[in-house]
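Here is the structure we will look at.
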Amino acid sequence: MRIAVFNTKPYDRRFLAEANAPYGHDLHFLEPRLEPATAALAAGHQAVCAFVNDIVDAEVLETLAGQGIKLVALRCAGFNNVDLAAARRLGIDVVRVPAYSPHAVAEFTIGMMLAVDRKIPRAWARVRENNFALDGLIGRNLHGRTVGVIGTGKIGALVARSLRAGFGCEVLASDLYPDPALEAIGVRYLPRDQLLRAAEIVTLHCPLTPDTRHLIDAAAIEAARPGLMIVNTSRGALIDTAALIEGLKCRKVGAVALDVYEQEADLFFEDLSNEIVSDDMFQRLLTFPNVLITGHQAFLTEEALAAIAETTLRSAADAEAGRPLENRVDAERIAPSK
C-alpha cells in the first residue's frame, strides 16, 4: 500500500522504516502537518498516516476522498482531531494505536509529579551555576498523599496502581467504567466533582471529548483543595488554560506539570528556539516557578515508537488485504477512558 505519512520527524521515519520490512508498504514521508492546505500532497496514495496535532476535519477528508484515499491511520491513541462522522459518510476507515506502550506515559506522569513536587528542575538549574543552596527546594513526600486519577484506562490504571502499591498514596479515581482490579487494592472511585474536592494531586488520563473538554475549569479550581497539583499527560484542552493561570496567580493551584497544552499544535514538535513565540498564555505559564512543561514527549520511548509503527503498518496491511480492522475507530463503542 502506498501511504503518505504526514508530520514526520527523523524518529518517525526510523521506526516506521524498520517496522515496514515484513509489510513492504510504499511509505512517502512528508514533513508538513496534514491540514486543508497540505491535504493535496496525498494525491496518488491509497492511505494517509497522521499524528496527534494533524487536522483531519471534514474539509481535509473531502479532499482525501476525492483523491481515492480509503484509510486514515493515526499513529497515536487519541482521535479527537478526526471528524468521524465525515469519515463514515465518505467511506474512509480510521484506525489508531489504542495501546502502544501505556507504561511509557504512566512512568513519565509519575516522573513529572516527582520532578515538580521535589523541585528537581530548579535544583538542576542551580547546580549548573554552582549554587548548592537548598533554600526554596523543600518538597513533600508522595507517600500518604491523596491523589485523584481521572480516567483509569490502560495508562490511568498503571498510574493508579503505581501510586497506590508503590508509593503508598491514597488513590481516588473517576471513570464511567470502574476497574475491579484497582478497587481490590484500595483505589476508591468517586464522581469527578467529589474527587476534585478531595484530592491533593489530580492527574488526567481521559480522552478529549465534548464532555471532558475543560474539565479543569474555573469552577473546578475554585472547588478544589488549596494548593492542588495538576498533572496532564493526556490532551491539552482538558484544562482551561486561562482558568489555570488565574488559579496559579491566586495560589489556589500549588503546582502544575504539563506534557500537553491546549494550543500546542503551533508549538510542540518544532524547534522554535530562534523564534518569538507569540502565545501569551503559554509564555505566562512559563513565568511561574511551580510550573513544569514538556513538549508532548510522554510517549517517546523506543518501545512505544516501535509499537506505534508496528500497529500502524499492520492496520494498513489488514486494510489492503480486506481483513477486519482490529483498531478501527468507532466512537460509539470506545470506552471514554481507553
Side-chain angles (χ1 to χ4, degrees), residues 77-78 97-121 123 138-207 212 215-216 220 224-225 227-235 238-239 253-260 292 294 297-304 306-307 334-338:
V97 185
Y100 42 87
S101 179
H103 290 279
V105 181
E107 291 171 8
F108 194 86
T109 298
I110 294 174
M112 292 194 83
M113 204 176 290
L114 291 167
V116 72
D117 214 12
R118 299 302 303 273
K119 301 176 174 59
I120 293 171
I138 297 174
R140 292 189 63 187
N141 293 345
L142 266 181
H143 180 79
R145 303 275 287 286
T146 300
V147 184
V149 180
I150 298 181
T152 54
K154 293 180 174 63
I155 295 170
L158 283 171
V159 172
R161 186 176 297 277
S162 297
L163 291 170
R164 178 65 180 160
F167 288 91
C169 297
E170 178 70 20
V171 178
L172 310 176
S174 176
D175 197 295
L176 293 178
Y177 303 90
D179 185 339
L182 293 180
E183 292 177 311
I185 63 171
V187 174
R188 291 194 295 126
Y189 278 85
L190 295 174
R192 187 192 302 164
D193 57 345
Q194 292 182 31
L195 179 150
L196 289 169
R197 288 196 297 269
E200 299 171 80
I201 302 169
V202 169
T203 179
L204 306 178
H205 300 286
C206 50
T212 62
L215 70 86
I216 301 295
R225 292 174 61 161
L228 174 70
M229 179 198 294
I230 300 171
V231 183
N232 188 9
T233 55
S234 186
R235 286 293 181 266
L238 296 175
I239 298 176
V253 176
V256 174
L258 305 176
D259 186 53
V260 289
L292 172 64
T294 52
Q297 71 176 82
F299 76 99
L300 198 68
T301 66
E302 291 188 358
E303 295 86 351
I334 293 175
S337 65
K338 300 301 181 184

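Across A198 and L172, no two heavy atoms sit closer than the pair CB-CD1, 3.7 Å. Minimum heavy-atom separation, Y189 to D179: OH-N, 2.9 Å. Here the shortest heavy-atom pairing between C169 and R164 reads O-NH1, 3.1 Å. Pairing each heavy atom of L196 with each of A220, the nearest pair is CD1-CB, 3.8 Å. Nearest heavy atoms, L292 versus M112: O-CE, 3.9 Å. Summarising the geometry of P191 relative to S174, their closest heavy-atom pair is C-OG, 4.2 Å, with the distance given to 0.1 Å.
Atom OH in Y100 sits 5.0 Å away from atom CD1 in I155 (nearest 0.5 Å). The CG atom of L195 sits 11.0 Å away from the CG atom of D175 when rounded to the nearest 0.5 Å. Put simply, CZ on R145 and CE on M229 are 5.5 Å apart, with the number rounded to the nearest 0.5 Å. Remark: L142 CG to L114 CG distance equals 5.0 Å, nearest 0.5 Å. Atom CD1 of I138 sits about 12.5 Å away from atom CG of D117, to the nearest 0.5 Å. Atom OG1 of T301 sits about 11.0 Å away from atom CZ of F108, to the nearest 0.5 Å.
No more than 12 heavy atoms of other residues, nucleotides or ligands lie within 6.0 Å of CD in E302, so this atom counts as exposed by the packing criterion. At most 12 heavy atoms of other shown residues, nucleotides or ligands fall within 6.0 angstrom of atom CZ in R118.
Within the 4.5 Å cutoff, the side chain of D259 has no heavy atoms near those of the T109 side chain. Side-chain contact check for H103 versus E303: every heavy-atom pair is 4.5 Å or farther apart. Looking at V187 and L163, their side chains never come closer than 4.5 Å, going by heavy atoms from C-beta outward. Between L258 and I239, the closest side-chain pair of non-hydrogen atoms falls below 4.5 Å. Contact check for H205 versus T233: side-chain heavy atoms found under the 4.5 Å cut-off. Looking at L204 and L215, their side chains come closer than 4.5 Å, going by heavy atoms from C-beta outward. T212 has its side chain within reach of R192: a pair of non-hydrogen atoms, C-beta onward, lies under 4.5 Å apart.
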